[in-house]
Amino acid sequence: MPELPEVETIARGVDTRIRGDRIVEAWFSNHPQPFKTAPERQVEGLEGRMILGVHRTGKHIVCELGDLSGAKTGQSSAQWIVHLGMTGRLLVTTPAGPVANHTHARLTLASGREIRFVDPRRFGRLELRDLEQGAVFRGAGKEPLNIAADDFAALFRGRKLAIKAALLNQTLLTGVGNIYADESLFRAGIRPRRRAGRLTRAELECLRVALKTVLEHAIRLGGSSVSDYVDADGVRGFFQLEHCVYLRTGQPCRTCNTPIRRILIAGRGTHYCPQCQH
DNA sequence: CATTTCACCTGGTGGC
DNA sequence: TGCCACCAGGTGAAAT
């Protein structure tokens, strides 16, 4: 489901609701796919721990966990890392609420609330990282919201793949997915099939600013709800109403009325305006 | 190494 | 109503 703006919205919502709470009990489903760390080890590492805070890194939601001994050091000693895949949801509810189909994790908290991870397609992943060795989780790629112009341009130098495919590569930039790749390329006036290494410095700078602008705007609107995306409270976002090209195949461009085209790049549906983008 | 393709899953939609 | 093809916010392994 979610890209940077949706993950940011969810992480913020979860953080305000469960920061300072304590995990009393952890339950996991029997499907093996969602677990990057074995469920038994996650139960062991989660139960009894304090949640110090929740934040986003790339498309990952990171829950910082306190010491197992319960000592109030404020120092994170472990991380519970949630990747939502295509259809994952992370919800804060009460234990009494009806349990949705495809619920793969339930963490009951000391306050009486409950965190649930629901994921029909099971492309999402849950991981527990012990930080005793000091290995803080960080995605491989750069964050598009604060990358410098020089660093952004350097990412694409000499690359022969389509700029759209490069934007989706999480080892270059982290957090950009199919919606915001298409929307930022439209805003920058760049065709998605252009080879990344052939873009001029001016075009790349235009793209960096467009990407940042689009992502920040989407965060303000609570993300895009294309089918079933909801935030930590089950509320939909509103950025889908502002999409210029994504899933608008055949509809008139908002700028020039030319029908939006859909092509395949890197196996992903790609939407652009043949008039506005060069 | 860089790049492309495909498998992994369920569910919704639209055509016949 | 049923059946089928196709599409969907992602990513990592295998192939080229």
Side-chain angles (χ1 to χ4, degrees), chain A residues 1-11 29-36 56-61 81-90 100-104 117-127 137 139-141 144 154-185 192-198 211 214-215 218-219 221-231 235-251 260-271:
Chain A
M1 144 199 106
E3 305 179 32
L4 188 154
E6 293 78 33
V7 178
E8 178 72 30
T9 302
I10 294 165
S29 75
N30 287 324
H31 287 101
Q33 300 97 322
F35 305 107
K36 202 165 171 180
R56 175 196 65 79
T57 296
K59 293 175 189 171
H60 299 265
I61 299 166
I81 300 165
V82 178
H83 192 292
L84 298 168
M86 289 272 252
T87 52
R89 300 184 187 190
L90 195 64
N101 247 351
H102 309 292
T103 297
H104 295 109
F117 174 67
V118 182
D119 185 11
R121 286 175 78 176
R122 305 201 292 275
F123 288 171
R125 293 291 180 267
L126 302 177
E127 176 184 5
F137 174 78
L155 291 178
F156 306 104
R157 205 161 291 147
R159 297 193 178 272
K160 292 183 172 172
L161 78 174
I163 183 63
K164 160 76 183 263
L167 286 173
L168 294 177
N169 183 341
Q170 302 295 299
T171 64
L172 299 177
L173 285 171
T174 183
V176 181
N178 213 28
I179 295 175
Y180 300 100
D182 282 4
E183 292 298 321
S184 62
L185 285 169
R193 272 214 225 272
R194 294 273 304 282
R195 287 176 185 271
R198 290 270 182 82
L211 180 57
V214 166
L215 291 171
I219 290 171
L221 294 183
S224 302
S225 290
V226 171
S227 61
D228 57 0
Y229 159 77
V230 288
D231 71 10
V235 176
R236 291 166 59 87
F238 291 95
F239 190 71
Q240 68 279 7
L241 302 175
E242 315 255 331
H243 290 173
C244 291
V245 288
Y246 181 74
L247 289 188
R248 295 194 67 244
T249 311
Q251 295 176 52
I260 299 302
R261 272 191 204 158
R262 179 182 183 276
I263 57 176
L264 274 186
I265 294 178
R268 314 295 302 280
T270 297
H271 316 78

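All values reported here derive from a predicted model rather than from experimental measurement. Sequence lines set the chain letters: A, B, ... in the order given, protein chains first and strands last, and positions in each chain run from 1. When reading the values below, keep in mind they use all heavy atoms of this one structure, side chains included, and skip hydrogens, waters and symmetry mates.
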How does each nucleotide of nucleotides 8-13 of chain B score, in 5' to 3' order, for protein heavy atoms under 4.0 Å: base (B), sugar-phosphate only (S), or none (-)?
BBBS--

Under the 3.5 angstrom rule, does the side chain of [X] hit a backbone N or O of [Y] as a donor-acceptor pair?
{"X": "Thr270(A)", "Y": "Arg268(A)", "result": "yes"}
{"X": "Glu3(A)", "Y": "Asn178(A)", "result": "yes"}
{"X": "Lys59(A)", "Y": "Val176(A)", "result": "yes"}

Sort me out a list of protein N/O and nucleotides 3-7 of chain B N/O pairs below 3.5 Å, or just none if empty.
{"unit_1": "dT3(B)", "atom_1": "OP1", "unit_2": "Lys160(A)", "atom_2": "N", "d": "2.7"}
{"unit_1": "dT3(B)", "atom_1": "OP2", "unit_2": "Arg159(A)", "atom_2": "NH1", "d": "3.0"}

Given atom [atom1] of [X] and atom [atom2] of [N], what is their separation to the nearest angstrom?
{"X": "Leu247(A)", "N": "dC7(C)", "atom1": "CG", "atom2": "P", "value": "12 Å"}
{"X": "Glu3(A)", "N": "dG10(C)", "atom1": "CD", "atom2": "C1'", "value": "9 Å"}
{"X": "Lys59(A)", "N": "dT11(C)", "atom1": "NZ", "atom2": "C1'", "value": "8 Å"}
{"X": "Arg262(A)", "N": "dC6(C)", "atom1": "CZ", "atom2": "P", "value": "11 Å"}
{"X": "Arg268(A)", "N": "dC7(C)", "atom1": "CZ", "atom2": "P", "value": "13 Å"}

Think Gln170(A) has a side-chain N or O under 4.0 angstrom from the OP1 or OP2 of dT11(C)?
yes

Which atom of Tyr246(A) lies closest to which atom of Glu183(A), heavy atoms considered:
N-OE2, 2.8 Å

Looking at every heavy atom in both Gly141(A) and Thr174(A), which two are closest together, and how far apart are they?
O-CG2, 3.5 Å

CZ on Arg198(A) to CD1 on Ile163(A), rounded to 0.5 Å:
13.5 Å

Side chains of Ile219(A) and Phe239(A) in contact at under 4.5 Å (non-hydrogen atoms)
no

Answer yes if the side chains of Asp182(A) and His271(A) hold a donor-acceptor pair under 3.5 Å, and no otherwise.
yes

Using the P atom as the point on both nucleotides, what is the distance between dA14(C) and dC9(B), in whole Å?
15 Å

According to a 3.5 Å limit on both distances, what stems of 3 or more consecutive Watson-Crick or G-U pairs are formed with DNA chain C?
B:2-8 with C:10-16, B:10-16 with C:2-8

Mind checking whether Tyr180(A) and His243(A) have parallel, tilted or perpendicular rings, split at 30° and 60°?
perpendicular

Any base atoms under 4.0 Å from Arg195(A), or only sugar-phosphate, or nothing? Heavy atoms, all strands.
nothing

Would you mind classifying the nucleic acid contact of Tyr246(A) as base, sugar-phosphate or nothing, using non-hydrogen atoms under 4.0 angstrom?
sugar-phosphate

